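As structure tokens, the structure follows; a few thoughts come after it.
Because only heavy atoms are used, hydrogens play no part in the values below, and waters and symmetry mates are left out as well, while side chains stay in. Protein chains get the first letters and strands the later ones, always in sequence-line order, with residue 1 at the start of each. Please read these numbers as outputs of a predicted model, since none were measured by experiment.
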Protein chains: 2
Amino acid sequence: MTSVEEPARPGERIRDAARTRAEILDVATREFSRAGYDGARVDEIAARTRTTKRMIYYYFGGKEQLFTAVLERAYGVIREAEQQLDVDHLDPVAAIRRLAELTFDHHERHPDFIRLVGIENIHGAEHIAASEELGRMGSPALDVIRRILAAGQESGLFTADVDAVDLHAMISSFCFFRVSNRHTFGALFGRDLVDPGRREHYRAMLGDMVIAYLTAERAADR
Amino acid sequence: MTSVEEPARPGERIRDAARTRAEILDVATREFSRAGYDGARVDEIAARTRTTKRMIYYYFGGKEQLFTAVLERAYGVIREAEQQLDVDHLDPVAAIRRLAELTFDHHERHPDFIRLVGIENIHGAEHIAASEELGRMGSPALDVIRRILAAGQESGLFTADVDAVDLHAMISSFCFFRVSNRHTFGALFGRDLVDPGRREHYRAMLGDMVIAYLTAERAADR
DNA sequence: TAGCTAACGTACTGGTTCGTACATTAGTGA
DNA sequence: TCACTAATGTACGAACCAGTACGTTAGCTA
């Protein structure tokens, strides 16, 4: 709780639909990611906003739709980051490493997003299913991976028999787990996966792993 | 809901503390993993049991402690599976693959466990921290990994500079993500990571990935 | 077989929480 | 400047839900 909280200066009570809506989304993101869907309290979200609970229902309709809106925005952010990705000038190995690092960095910077996705999975992705926006929004990362993979496989550099979706799963799993399972992993094995001092180590480890997998000589080791 | 539910035959109303306790744990595991901690209903757990809500409080004390007991049992199961692991007669490469496959299989067979761990992470692992049992119970898998890693590194087979905890994180992340993020991943990318038809593919992919990482020639590719 | 206790059941309560009915005001277009 | 609508605030209700007070019975032991 920030000690300096605006004591509702009457002069500043200006109507601004966009700002109110955005502020609700900000606070809701924090509250949902803090406590989970059922643990989150609509009253608590309202209290941390400069507006009232009435507005949440006015703009979003209900708790369920609010959560969906929060998810939509969170996914929008990562999609935007992925669209910035420009690796076509790099060789396949460097390009894949760059892509993995971008994924790594985004997960690191957005623990709230990770938690929201975890929560959504507990609820069977029903909000994603209910959202038109999330349904039709593709994944720029996937397109990038597809191009890199094609180049790498054509040149013979990449020997692994994977497609873009599976490679994306491989990269995401490491980045996601490191953040999502930080607490149980730390409690059970005594190692903080998100310790800043180990950040570079894990970032390099991810790249090494993916590249080793893609470029390994496939022997009869099965 | 199973249609054939025992209509409380009065003759069978026998007292059996152990059975009652175990039944509560079974049902609670399902309910918590279905709905999350706050989404789970104590009344619902009681209703699906042959006993009443009163007994939950009699045996466990409260919802919080019940969840902790559920977690303790779930972690106990995986620890037991890991203890069965006997790979000392295998060469390091085969041993690592076997270990990865066992981890893979356990995650596949226990989606409830995965969900519980996800839920516990949303709550900052506070129940693990509150549990003596979970605190002092180590990880047999870690010991195994340590031995294999030492052997592989000594023989020069393994070139990667990892320790057992990090390698365990790498293996777990893939196995965990595949189950935990099944729903969002499926909804967004149209691929079911737990499709039985792709099971062998992913199992092999995990082993290939880990072994490629461990045995790669470390060039100046950074 | 009497009595004692662990095991079990019923019915209720107090607080919480999502959602809404009703009232009000800022800003905009005619 | 007047009226109309989008935006906002207040107060409340109804359902839900964790937890408990109180009462009962099975089965063991002396």
May I have the distance from M55(B) (atom CE) to dA21(D) (atom P), rounded to whole angstrom?
15 Å
B/S/- contact track for nucleotides 15-25 of chain C, protein heavy atom under 4.0 Å
--SBBBBB--B
Separation of dA7(D) C1' from E23(A) CD (nearest whole Å)
15 Å
side-chain N/O T20(B) vs dC8(C) OP1/OP2, d < 4.0 Å
yes
Expressed in angstrom and rounded to an integer, what is the separation of I45(B) atom CD1 from dC17(D) atom P?
12 Å
What is the separation between atom OH on Y58(B) and atom C1' on dA7(C), rounded to the nearest whole Å?
5 Å
Distance-only check: which donor-acceptor pairs under 3.5 Å involve side-chain atoms of residues 35-42 of chain A, not counting sequence neighbours?
unit_1 : atom_1 : unit_2 : atom_2 : d
Y37(A) : OH     : E64(A) : N      : 3.3
Y37(A) : OH     : E64(A) : OE1    : 3.1
R41(A) : NH1    : D38(A) : O      : 3.0

Counting only side-chain nitrogens and oxygens, does Y59(B) get under 4.0 Å of the OP1 or OP2 atom of dC8(C)?
yes
Compute the ring centroids of Y75(B) and F113(B), then answer whether they are less than 6.0 Å apart.
yes
Nucleotide dA7(D), atom P - distance to CG of D16(A) in whole Å
10 Å
Can you see if the side chain of T51(B) gets near the phosphate of dG9(C) - specifically, an N or O under 4.0 Å from OP1 or OP2?
yes
Between dC17(D) (P) and Y37(B) (OH): distance, integer Å
14 Å
